[in-house]
Amino acid sequence: MIGHHFELPGALAAVTNRHGGVSEGPYESLNLGDHVGDDPEAVRANRERVAVGIGVDRLTMADQRHGARVAVVDRSNAGAGHAGAAEAAAEFGATDALVTAEPGVALAVLVADCAPVVLWDEFRRVLAVAHCGRPGAVLDVVGATVEAMAEAF
């Protein structure tokens with residue numbers, strides 16, 4: 001399920017693979033995207049498996065739209081998006097990067113042909129993830145994420 005993980009001083013970055021989930025057909029097996037036509041119950045079960053696998057209750061996931069909007073995650077909105085696209089859109093609509101300084105909060109991005117970017121400020125203990133495809137690169141989502149980290153913390 002966890003294909004690779006990288007232990008940072010005070011944080012963990014993990015990349016999932018397609019193994020260990022319950023999705024069937026073209027989404028087999030560990031599909032985490034509920035916007036592609038997979039059974040929503042299977043996606044929720046897969047997200048639960050990943051959360052348990054990394055030791056958290058919920059993943060925090062945004063409504064990714066290939067833009068440069070960044071949201072700060074705190075205790076009040078940690079875990080939003082885990083239940084699905086509607087929850088992600090309600091809390092983090094049209095957002096492609098998440099930033100937090102809350103210990104134990106799992107930030108997640110979904111990628112296919114885009115790049116997942118993980119940023120970690122060891123001094124301030126701030127973690128960020130960004131979904132960066134061609135549109136996000138043109139709009140400088142990574143630069144916007146660094147700016148949000150600096151402004152918020």
Side-chain angles (χ1 to χ4, degrees), residues 1-66 69-133 136 141-142 145-146 148-149 152-153:
M1 172 184 339
I2 304 299
H4 299 284
H5 73 280
F6 310 91
E7 294 192 30
L8 308 167
L12 171 73
V15 178
T16 61
N17 57 35
R18 293 186 58 95
H19 306 292
V22 301
S23 293
E24 297 178 351
Y27 310 107
E28 186 179 338
S29 137
L30 189 71
N31 174 47
L32 301 174
D34 66 345
H35 60 287
V36 294
D38 194 1
D39 174 14
E41 290 302 317
V43 173
R44 276 191 280 281
N46 290 338
R47 289 178 179 189
E48 289 296 323
R49 287 178 180 216
V50 171
V52 168
I54 61 173
V56 298
D57 293 329
R58 295 170 60 90
L59 306 174
T60 305
M61 305 177 81
D63 174 43
Q64 299 172 192
R65 298 292 172 171
H66 293 281
R69 185 170 184 275
V70 182
V72 175
V73 177
D74 57 25
R75 283 283 161 209
S76 71
N77 58 11
H82 183 89
E87 184 182 56
E91 187 63 41
F92 304 117
T95 299
D96 282 271
L98 300 168
V99 176
T100 193
E102 294 290 336
V105 171
L107 306 179
V109 292
L110 301 175
V111 296
D113 60 345
C114 298
V117 178
V118 178
L119 301 167
W120 171 242
D121 179 339
E122 184 179 357
F123 179 73
R124 291 185 177 84
R125 306 192 67 74
V126 176
L127 177 68
V129 296
H131 163 252
C132 186
V141 67
V142 175
T145 305
V146 171
M149 291 172 76
F153 305 102

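Residue numbers run from 1 in the order of the sequence given.
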(request) Applying side chain to side chain donor-acceptor pair (under 3.5 Å), run through Ser23 and Asp38 and close with a yes or a no. (result) CA-CA 7 Å; Ser23 293; Asp38 194 1; 2.5 Å; yes
(message) Please determine whether side chain to side chain donor-acceptor pair (under 3.5 Å) holds for the pair Asp74 and Thr100, giving the CA-CA distance in whole Å, both sets of side-chain angles, and the decisive distance to 0.1 Å.
(response) CA-CA 6 Å; Asp74 57 25; Thr100 193; over 6 Å; no
(request) Could you walk me through whether Thr95 and Arg69 pass side chain to side chain donor-acceptor pair (under 3.5 Å), step by step? (result) CA-CA 5 Å; Thr95 299; Arg69 185 170 184 275; 2.3 Å; yes
(request) Start with the C-alpha distance between His35 and Gln64, add both sets of side-chain angles, then the distance that settles side chain to side chain donor-acceptor pair (under 3.5 Å), and finish with yes or no. (result) CA-CA 10 Å; His35 60 287; Gln64 299 172 192; over 6 Å; no
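When every heavy atom of Ala128 is checked against every heavy atom of Leu107, the shortest pair comes out as CA-CD1, 4.1 Å. Taking all atoms of both residues into account, the shortest heavy-atom contact from Val99 to Phe153 is CG1-CE1, 3.6 Å. Nearest heavy atom pair, residue Cys132 against residue Gly136, reads SG-C, 4.2 Å. Across all non-hydrogen atoms, the minimal contact from Met61 to Ala88 is O-CB, 3.5 Å. A pairwise comparison of heavy atoms in Val105 and Thr60 identifies CG1-OG1, 3.7 Å as the closest pair. Across all their heavy atoms, Ala106 and Val56 have their closest contact at CB-CG2, 3.7 Å.
Side-chain contact between Ile2 and Val15 is absent, with no heavy-atom pair separated by less than 4.5 Å. Side-chain contact between Leu110 and His131 is absent, with no heavy atoms from C-beta onward closer than 4.5 Å. Within the 4.5 Å cutoff, no side-chain heavy atoms of Val129 are placed close to those of Leu119. Side-chain contact between Asp39 and Tyr27 is absent, with no heavy-atom pair separated by less than 4.5 Å. The side-chain heavy atoms of Leu98 and Phe92, taken from C-beta on, include a pair separated by under 4.5 Å.
At distances below 3.5 Å, at least one donor-acceptor pair connects side-chain atoms of Asn46 with backbone N or O atoms of Val22. Side-chain atoms of Arg65 do not come within 3.5 Å of backbone N or O of Ala94 as any donor-acceptor pair.
Checked for salt-bridge contact, Asp34 and Arg47 meet the test: a charged N lies under 4.0 Å from a carboxylate O.
Sorted by first and then second residue, the salt bridge (charged side-chain N to carboxylate O under 4.0 Å, His left out) pairs involving residues 93-109 (not counting sequence neighbours) are Arg75-Glu102.
With rounding to the nearest 0.5 angstrom, the CG atom of Leu32 is 9.5 Å from the NE2 atom of His82.
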